[in-house]
Number of protein chains: 2
Amino acid sequence: MISGKFAITLHILTLLSKHPEEYLSSEFISASLNMNPVLVRKEIANLKRNNIVESKEGKNGGTRLLRNASDVTLNDVFKMTFDNVTLGYSKNRPNQNCPVGKQINEKLGNLYEDMNLKISKQLKDISLLNFADTF
Amino acid sequence: MISGKFAITLHILTLLSKHPEEYLSSEFISASLNMNPVLVRKEIANLKRNNIVESKEGKNGGTRLLRNASDVTLNDVFKMTFDNVTLGYSKNRPNQNCPVGKQINEKLGNLYEDMNLKISKQLKDISLLNFADTF
DNA sequence: CATACTGTAATATTTATAGTTACAAATATA
DNA sequence: TATATTTGTAACTATAAATATTACAGTATG
């Protein structure tokens with residue numbers, strides 16, 4: 001199972017970019033996502049750590065973008081929500097006495113590193129504004 | 001959690017390519033992977049469906065490559081073990097009355113499709129022989 | 001015919017992800 | 001200043017996916 005963090009975070013950012021200057025509540029956002037507002041707040045906490053949004057507590061509070069939508073790329077969202085993409089590793093430590101077992105994870109790591117560079121390259125070219133404008 | 005199928009399958013193929021013509025038992029392979037032989041046999045079943053290997057039952061049985069290692073690419077392994085790579089979707093169906101909720105999954109799908117094309121392009125250029133030769 | 005394999009179903013275990021409940025703290029505004 | 005509304009977060013529960021195990025029928029070898 002792959003986590004929905006990237007999709008959820010991008011959904012939140014798209015909504016925020018459609019309402020710049022407004023503070024959107026986690027309740028409002030969670031209604032669009034059809035999910036629990038607490039989970040939305042958790043993803044927002046991550047966006048705050050990365051200085052992409054700011055929140056205001058209390059009545060009429062909520063969250064708004066701190067940065068211009070043209071200034072946030074999908075790669076920023078990717079880096080915020082994934083360590084990196086992989087095609088996975090076997091769960092157990094392979095046999096270190098086997099030449100293949102000993103090196104397989106390192107070789108896979110190299111492969112995945114290249115993959116992530118390519119993905120980052122793709123995502124860097126798409127700003128939140130680009131993405132949101134297709135809606 | 002991401003499944004280890006790709007890594008496990010590639011590990012198996014690497015071992016087989018190091019012993020062409022020999023039938024390797026699931027017991028032997030599972031010792032290198034340090035995992036249960038039944039799981040190895042399940043991944044081998046997948047390789048057989050894809051005509052990459054053949055197995056022989058009974059005493060001295062096991063599995064061997066059907067194709068030349070230079071003729072199998074990592075993209076073949078990828079296609080065999082993943083539907084496709086994604087950065088995920090939110091689990092619940094988003095609100096269809098919200099313009100963002102209504103279209104987000106389609107837009108994400110487009111993004112991921114591009115991503116998979118790039119990944120496939122990378123993996124097509126690496127044969128099992130290329131990969132195994134680095135060990 | 002004994003041994004050593006594969007094939008596969010059924011079940012159990014482990015782990016990751018998602019969801020819920022509860023409540024303290026903050027803020028607007030009546 | 002009292003009330004309503006909202007964030008922040010911890011603790012816990014539930015669900016789902018991945019992995020592991022057990023068991024045994026079927027098959028080939030020598």
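Order of the sequence lines fixes the chain letters, A, B, ..., with proteins taken first and strands second; residue numbering starts at 1 for each chain.
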(message) Looking only at side-chain N and O atoms, does Asn75(B) offer a donor or acceptor that is under 3.5 Å from a partner on Thr73(B)?
(response) no
(message) Output the rounded distance in Å from CG (Asn34(A)) to P (dT20(C)).
(response) 10 Å
(message) If you assign Asn92(B) and Lys42(B) each to the DNA chain C nucleotide with the nearest heavy atom, which residue ends up on the more 5' nucleotide?
(response) Lys42(B)
(message) Reading DNA chain D from 5' onward, which residue's closest nucleotide shows up sooner: Arg41(A) or Lys59(A)?
(response) Lys59(A)
(request) If the plane angle is over 60° it's perpendicular, under 30° parallel, otherwise tilted; pick one for Phe131(A) and Phe135(A). (result) perpendicular
(request) Would you mind telling me which of dT21(D), dT29(C), dG30(D) lies closest to the side-chain atoms of Asn60(B)? (result) dG30(D)
(request) Could you check how far CD of Glu43(A) sits from P of dG19(C), rounded to whole Å? (result) 11 Å
(request) Taking atom types as modelled, find out whether His11(A) and Ser90(B) have a side-chain donor-acceptor pair closer than 3.5 angstrom. (result) no
(request) For residues Pro94(A) and Asn105(A), determine if any side-chain heavy atom of one lies less than 4.5 Å from a side-chain heavy atom of the other. (result) yes
(request) Quickly work out the Phe28(B) CZ to dC5(C) P distance and round it to whole Å. (result) 12 Å
(request) Identify, between Gly61(A) and Ile2(A), the residue whose nearest nucleotide on DNA chain D lies closer to the 5' end. (result) Gly61(A)
(request) Could you state the atom-to-atom distance from CD of Glu27(A) to P of dG19(C) in whole Å? (result) 15 Å
(request) Please tell me which of the listed nucleotides, dT22(D), dA4(C), dG19(C), lies nearest to the side chain of Val38(B)? (result) dT22(D)
(message) Applying a 4.0 Å non-hydrogen cut-off, can you work out what Asn36(B) is touching in the nucleic acid: base, sugar-phosphate, or nothing?
(response) base
(message) Ignoring hydrogens and geometry beyond distance, is a side-chain donor-acceptor pair present between Thr63(A) and Ser55(A) at under 3.5 Å?
(response) yes
(request) Rounded off to whole Å, could you give me the CZ-to-P distance for the Arg64(B) and dC5(C) pair? (result) 17 Å
(request) Remember a base hit wins even if backbone is also touched, and classify Ser26(A) as base, sugar-phosphate or nothing at under 4.0 Å, heavy atoms. (result) sugar-phosphate
(request) Starting at atom NZ of Lys91(B), determine the distance to atom P of dT15(D), rounded to an integer number of angstrom. (result) 9 Å
(request) To the nearest Å, give me how far apart NZ (Lys5(B)) and C1' (dT19(D)) are. (result) 10 Å
(message) Please report the distance, rounded to the nearest Å, between CD in Glu57(A) and P in dA25(C).
(response) 11 Å
(request) Identify, between Met35(A) and Thr63(B), the residue whose nearest nucleotide on DNA chain C lies closer to the 5' end. (result) Thr63(B)
